[in-house]
Each structure stands twice: as C-alpha cells, then as structure tokens.
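Reviewing the structure listed below.
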Amino acid sequence: MKIVVLDGFTAAQDDLSWQELEALGDLTVYERTRPEETLLRCQGAEAVLTNKVILSAEIIRQLPQLKYIGVLATGYNVVDLTTAHERGIIVTNIPAYSTMSVAQMVFAHILNATMRVGHYADENRQGRWSRAEDFCWMDTPVVELDGKTLGIIGLGNIGSAVARIADAFGMRVIASTSKAQELLPAYINKAMMDELLAQSDIISLHCPLTESTRALISKTSIAKMKQGVIIVNTGRGPLVDEHDMAAALQSGKVQAFCADVLSTEPPSSGNPVIGHPHAFITPHIAWASREARTRLIHVAAANLHAFLAGRPQHVVSL
C-alpha cells in the first residue's frame, strides 16, 4: 500500500517518528504541502493522511486509487465527505487524543490572567522587585479562583475535563450544553446561554464551529457579560469576533482575552487582538504536548491498521 502524509511536521516535529505507519506500507511523509502540490503528491496513493491540507471534491475525484483518508486531528472539515462517500472512501479522525493537554492550557491561561505570572516574571527580569521598598511588590490585582463562576460553552471531552479541574479549584461551574441536567456530574449546573453570559466570571469556549456558533462571542454577547470578564478560547478561532473583542478589551468590559486559536492562522500583522496588552495569545499549541502528539501518531497508525483488517474505527464518513 502506498501511504502519503501531506503535512506531518506539526505532529512529529523533530522528536517523534512515523515508524508505526512505515510498518503498514510504502510511506512518504511531507512536512508541508502547498495547495498546488496536493494532487501530484497524492497520485497513486491508496491512503492519504492530512491535518490541515484540504482534500476537496475536485482533488478526490482525480485520485482513482484512493481508498482511505486519515485526518490527523479531531476536526475533519478539511475533507469533502460527500465526495469521499460517493467514491467509497473511508475517512477517519482521531478523537480525544489531546483532551488533557488542551484542558491544561485552559488553566495555564486562566492562572496567568488571574495571577499575572508572566507579567511579574517579566517585571522582575527588569529588576522591579529589587527596587521595591517592601518584601512584596504588586501593580496589578491577583485573583483567587475559589468561589468564582466558570461558564463552559460546549461540554464535550475537553469541556468536561475543564469542568473537573475547575471543581478542584473550588469554582462554581455552569455549562451551556445539550445534555440533560440529570446526566451531568453534580458539580456542573446546566445554564441557558444568556444566564451563563450574565453570571460567569470566566468563560471558556469548547463548542464546535458551525454557522450558528460563528462569532458567538461578539459585541452582542459581550454586552450581556459581567464587567471585567475573562474569556478563554481554545476551541476554534472564528467563535470570536476579534474586532469586537479588541473593542471590549479597550473599554475594559473584557479584562483578559486568552486564546490558543485565531480566525486566521498564522495571524496577519493587522490582527486586532494579538498586540493588545490584555490579550494573551499562544500559537495554537494547546494540542501539541509530546504526550498528545505521541497518541495522535499511534492512533493514526491504529486507524489505518484497522481499515486494512476490514474493521475501520473512528469513521467520520457519511
């Protein structure tokens, strides 16, 4: 079997190998693939694995030997599923491989925004504490999480993991979710969206990106929030209207915007939030711990092995 990985660098980086996939066939791994290179690199392949490289209907129709597409991520909107189904191509994804890494990043952001660890570390590198008249020095508030309300929008694997951590911090957890209250743990209270927006001290986004959730956080929803709310987005960049967010940061309505994702990645120099002093942006790395990437590559190989054995798993095809 000819196997092609179109964009393998972000998963493997320089510290992991594709050995498990190599055992399954003739493997070619490209670090990155430009759109104009995609068709040529997929020619003759029976299995193609992609993370962000788009496999459109036009491309899929020109690959008569293609039998399997493995998405190296949980989200699979990079593949035209309708065309894959028409051609009898199995498409799989990798669910839940980065759950704890992303949940950890959520709280890294929350703790940085409330305790200002990065700010004080930077100030002390400049000698600010050394010049203090007292044994401690502060120029910003630090905030205790115990008793604060965390609103979670979307209660899948990651949202649920964030809720467990919040409970351990003594936070009150409310969630916007389709799940019934009786199916939720005792420490999570289901809330209507407007109720969540009004009551939350911190809001964390974990819902999928759909037409109904695009720009979910905008001037309209921000107006319903508490003064000084903290917003964390480790879901999808377009869940937030970044121009409205920049205005809310400027006015002080939003105390801090913490994000690992933006609407365009990598961001342009004109992105309205990335340079704001109260925006704390990490470069889409919440998923990328070595442990999570190891799981990703292992499950990618297991998915293809299961397909070859006639028992495909994690299928997302129509």
Side-chain angles (χ1 to χ4, degrees), residues 102-103 105-114 141 143-167 169-181 183-263 272-273 276 278-281 286:
V102 177
M105 178 64 87
V106 170
F107 270 87
H109 273 298
I110 290 173
L111 291 169
N112 182 58
T114 54
V143 178
E144 186 174 272
L145 293 179
D146 184 65
K148 299 295 187 296
T149 297
L150 175 66
I152 299 175
I153 301 178
L155 204 58
N157 290 321
I158 297 173
S160 297
V162 168
R164 291 196 299 272
I165 299 170
D167 180 59
F169 271 102
M171 302 184 76
R172 172 179 176 247
V173 181
I174 59 177
S176 172
T177 174
S178 60
K179 297 173 183 176
Q181 178 65 60
L183 298 178
L184 301 180
Y187 55 84
I188 302 176
N189 290 305
K190 182 171 180 173
M192 300 299 291
M193 181 62 73
D194 282 358
E195 178 186 3
L196 183 147
L197 296 174
Q199 295 184 13
S200 298
D201 299 295
I202 302 170
I203 295 173
S204 192
L205 306 179
H206 301 287
C207 54
L209 177 63
T210 66
E211 284 310 306
S212 63
T213 62
R214 186 176 296 274
L216 176 68
I217 304 302
S218 66
K219 60 183 179 182
T220 302
S221 55
I222 291 171
K224 300 174 182 179
M225 298 177 190
K226 285 184 176 182
Q227 183 71 21
V229 66
I230 295 171
I231 298 174
V232 184
N233 185 15
T234 57
R236 294 289 183 266
L239 295 172
V240 175
D241 184 309
E242 290 162 0
H243 287 88
D244 289 356
M245 179 58 67
L249 288 169
Q250 196 63 31
S251 71
K253 175 72 173 184
V254 175
Q255 176 191 148
F257 175 52
C258 309
D260 189 59
V261 290
L262 292 174
S263 58
V273 297
H276 196 284
H278 297 296
F280 304 94
I281 312 297

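Computed from a predicted model, the values in this text were never measured in an experiment.
Residues V232 and F257 form no side-chain contact, since every pair of their non-hydrogen atoms from C-beta on lies 4.5 Å or further apart. In this structure, the side chains of D201 and V229 stay at 4.5 Å or more apart for every pair of heavy atoms. In this structure the side chain of H206 never reaches within 4.5 angstrom of the side chain of L155, judged on heavy atoms. Using a 4.5 Å heavy-atom threshold, the side chains of L196 and M192 count as separate. At least one side-chain heavy atom of I231 sits less than 4.5 Å from a side-chain heavy atom of M225. I188 places none of its side-chain heavy atoms less than 4.5 Å from the side chain of I174. The shortest distance between side-chain heavy atoms of V173 and N189 does not fall below 4.5 Å. With contacts defined as side-chain heavy-atom distances shorter than 4.5 Å, the pair I217/I222 qualifies.
Counting only distance, with no hydrogens or angles, the side chain of S160 and the backbone of N157 share no donor-acceptor pair below 3.5 Å. Within the 3.5 Å criterion, the main-chain N or O of P208 finds a donor-acceptor partner in the side chain of T213. Listed for the S221 side chain is a donor-acceptor partner under 3.5 Å among the backbone atoms of S218. Checked by atom type and distance alone, the side chain of Q255 never pairs as donor or acceptor with a backbone atom of L249 at under 3.5 Å. Formation of a donor-acceptor pair under 3.5 Å by the K190 side chain with backbone atoms of T177 is found in this model. With Q227 contributing its side chain and V254 its backbone, the two residues share no donor-acceptor pair below 3.5 Å. In terms of modelled atom types and a separation under 3.5 Å, the side chain of S263 and the main chain of P238 share no donor-acceptor contact.
Within the structure, the salt bridge (Lys or Arg N to Asp or Glu O under 4.0 Å) test picks out no pair touching residues 234-257 (sequence neighbours left out).
Atom CZ in F107 sits 7.5 Å away from atom OG in S204 (nearest 0.5 Å). If you take SG on C258 and CD1 on I230, they are separated by 6.5 Å, rounding to the nearest 0.5 Å. Distance check: L205 CG to L209 CG gives 11.0 Å after rounding to the nearest 0.5 Å. Note: L239 CG to T210 OG1 = 8.5 Å, rounded to the nearest 0.5 Å. Taking CG of N112 as the reference point, atom CE of M105 lies at 10.5 Å (rounded to 0.5 Å).
For S200 against K226, the heavy-atom pair with the smallest separation is O-CD, 3.6 Å. Across all their heavy atoms, Y187 and R164 have their closest contact at OH-CG, 2.9 Å.
Under the 3.5 Å distance criterion, with hydrogens and angles disregarded, no donor-acceptor pair is assigned to the side chains of Q250 and H278.
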Side chains of residues 144-153: which donor-acceptor pairs under 3.5 Å do they make with residues two or more places apart or in other chains?
| unit_1 | atom_1 | unit_2 | atom_2 | d |
| --- | --- | --- | --- | --- |
| K148 | NZ | E144 | O | 3.1 |
| T149 | OG1 | R172 | NH1 | 3.3 |

Task: Worked verdict on L197 versus D194 for side-chain contact (heavy atoms from CB on, under 4.5 Å) - done: CA-CA 5 Å; L197 296 174; D194 282 358; 4.2 Å; yes

Open item on the list: Is there a side-chain contact (heavy atoms from CB on, under 4.5 Å) between D260 and V106? Walk through the geometry before answering.
Closed with: CA-CA 9 Å; D260 189 59; V106 170; over 6 Å; no

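With a 6.0 Å radius and a threshold of 12 heavy atoms from other residues, nucleotides or ligands, H243 has its NE2 atom at or below the threshold. Within 6.0 Å of the NZ atom in K219, the count of heavy atoms belonging to other residues, nucleotides or ligands does not exceed 12.
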